[in-house]
Every structure is written in C-alpha cells, then in structure tokens.
Amino acid sequence: MAEQLQALPDSETPLDTTALAHHIQQRAPLYDKAQESHYNLISALHKSMRGSDPDAALYWFARMLDGGEDPLYVARRLVRFASEDIGMADPQAVQQTLAAWDVYERLGSPEGELAIAQAVVYLATAPKSIAVYRGFNAAHRAARRTGSLMPPAHILNAPTRLMKDLGYGKDYQYDPDTADGFSGADYFPGGMDRETYYQPTQNGYEIEIAERLRHWAASRARRQHE
C-alpha cells in the first residue's frame, strides 16, 4: 500500500480519477477469498483446464496467487479435477497433482508454486474423460436399487464347513492362474442381469482400455456358450 501511495500524484497535480482507478486495478488485485471473486477465479481455472487451454489456466492460477490465495487450496482442487475431468484417459494425472501438492508442502512459496503450475499445465494438456464419473454415479443408482442382493456364492470365502456346504467358493476360478488371465466368471449378484456402468471414451489411455473390455466381453460371451 505504501508503494501505491508513493506512486499517486501529489496534491498540486490535478487528480485524474480514471487514471487512478486504472492504476489501483492493476496494482491491487480484486480478490476476496470469502466472496464471489474467489469462486469466479477457481471456476475460470477449472474451465480453462477443462477446455485444454494451458495459457489461460496459468493466467488464472497466477491471478489467484497474486490475490493471496492459499496454493494448497489450488492443489486440492487440482486433485479433484484429475479424477473428475480426466480420469482413466490419463491415470497419471492424479499422481502428478499429488506430487505437486507434496512438493509445495516441502518447499512452500514461492519455489513450490512452480510445481503446482506444472500440474496445471499437465491437466490442461491431458486428454479428458468423465467416463469413471458417469460410471460411478450409475453404479450408485444400481446399488441403491439392488442393495439387498448377496454376492454370488462362488466368490464368497468359505472358512467353515457350513459355508462350504452352502456352496461358498465352489467352482471359483482364480483369474491370474488361467491361460489368458481371464475366467469370464459372473461377479454380479444372482438374479441381477449384468450391467455396464463404465464406458470408456476414445480419448487417451481409454482407447486401450476400451479394446481390452471388448476382448473380455467377447471371451465372456464365448465361454458362456461352451
């Protein structure tokens, strides 16, 4: 504030209110962590990363820092963004954000802020997918609808003779010990049709995941008809 006051015109100079307002706007960022500006800027950061614009994302991150935002608040929001907006399109996104959080906690400001900026750029340039987010919500809806159904007996442990007599663990196949690491068994509750919740996109790593799922679905269908 003292620096700003020294830069103002003296009392003998006519006061240009327009220039003064511009000067204050440039030298004193309008930012209140408890008010609307706080939420506006984090929203701008999120949407810039979601829109794959690293330059705009870096700008809004810098604006938040210049306004006095706690960098750890941004770090926490980046972790959420990595899971919610990127997901399995780039599974490393969560690790990158956690690493940035850890670096900042070790170094503090200003050195640690660069690690968060690196994470911002990583997230902005990563492929995007909300397939896990959608799938998790769909699974929640199904769980609320079918919450009283027991797991199928073949995947239940049988530590007692009674449980064995009830069929717990009978004919269970240990997938990693099969020829191709896949048994094709049904893991849904008995009486419940198989449902698909996670539907990968054609973005990033999910392209490979989608191919695996197609291969397993074909293998499962083939084994059910053997």
Side-chain angles (χ1 to χ4, degrees), residues 31 33-34 36-65 67 69-109 111-147 151 175 187-188 194-217:
Y31 192 78
K33 289 184 284 185
E36 183 179 359
S37 57
H38 164 80
Y39 299 103
N40 286 344
L41 266 61
I42 191 61
S43 177
L45 173 59
H46 266 237
K47 289 181 174 62
S48 298
M49 293 189 298
R50 191 176 291 153
S52 301
D53 190 337
D55 300 308
L58 284 174
Y59 171 78
W60 292 117
F61 175 48
R63 280 279 302 273
M64 295 180 78
L65 291 181
E69 183 58 77
D70 179 3
L72 287 176
Y73 168 76
V74 179
R76 290 192 295 271
R77 294 299 294 254
L78 295 185
V79 174
R80 173 188 170 183
F81 181 93
S83 294
E84 186 173 306
D85 289 274
I86 295 174
M88 290 301 293
D90 185 350
Q92 287 298 314
V94 170
Q95 297 303 319
Q96 290 289 327
T97 53
L98 289 173
W101 187 341
D102 184 55
V103 169
Y104 182 82
E105 287 193 323
R106 292 170 183 269
L107 298 183
S109 291
E111 295 91 343
E113 294 169 4
L114 182 59
I116 299 178
Q118 179 177 328
V120 166
V121 171
Y122 189 99
L123 299 183
T125 56
K128 309 301 189 295
S129 171
I130 60 170
V132 173
Y133 179 81
R134 286 173 172 162
F136 190 39
N137 286 338
H140 261 301
R141 291 192 294 271
R144 287 191 289 268
R145 188 179 70 249
T146 62
D175 288 68
Y187 299 99
F188 277 90
R194 179 174 185 81
E195 298 182 353
T196 300
Y197 308 126
Y198 173 57
Q199 301 183 45
T201 68
Q202 289 297 299
N203 301 333
Y205 184 64
E206 285 195 315
I207 296 174
E208 183 176 336
I209 295 174
E211 181 56 36
R212 286 187 208 165
L213 291 175
R214 281 191 291 269
H215 170 74
W216 288 330

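Numbers here are sequence positions counted from 1.
- Taking CG of L107 as the start and CD1 of I116 as the end, the distance is 10.5 Å to the nearest 0.5 Å.
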- request: Kindly determine whether Y122 and D90 satisfy side-chain hydrogen bond (donor to acceptor under 3.5 Å, both in side chains), including the steps that lead there.
  value: CA-CA 10 Å; Y122 189 99; D90 185 350; 2.7 Å; yes
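- Under the 4.0 Å criterion applied to side-chain N and carboxylate O atoms, R145 and E195 are assigned as salt-bridge partners.
- Using a 4.0 Å cut-off between charged nitrogen and carboxylate oxygen, R50 and D85 count as a salt-bridge pair.
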field: Test log, rule ring-ring contact (aromatic ring centres under 6.0 Å, His included), inputs Y73 and H38
entry: CA-CA 11 Å; Y73 168 76; H38 164 80; 4.9 Å; yes
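- Contact of the S109 side chain with the P71 side chain is registered, since non-hydrogen atoms from C-beta on lie closer than 4.5 Å.
- Every residue meeting the side chain to side chain contact (heavy atoms under 4.5 Å, CB included) condition with Q118, not counting sequence neighbours, appears here in chain and number order: Q96.
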Show me the donor-acceptor pairs, under 3.5 Å and distance only, between side chains in residues 54-62 and residues at least two apart or in other chains.
unit_1, atom_1, unit_2, atom_2, d
Y59, OH, R63, NH1, 2.8

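- Taking CG from L65 and CD from E113, the interatomic distance works out to 4.5 Å, rounded to the nearest 0.5 Å.
- Residues S52 and K128 meet the side-chain proximity criterion, which asks for heavy atoms closer than 4.5 Å.
- For Q202, the side chain to side chain contact (heavy atoms under 4.5 Å, CB included) partners at least two apart in sequence or on another chain are I207, A210, R214.
- A donor and an acceptor atom, one from each side chain of E206 and Y198, are located under 3.5 Å apart.
- For F188, the CZ atom sits in a packed shell: over 12 heavy atoms of surrounding residues, nucleotides or ligands are nearer than 6.0 Å.
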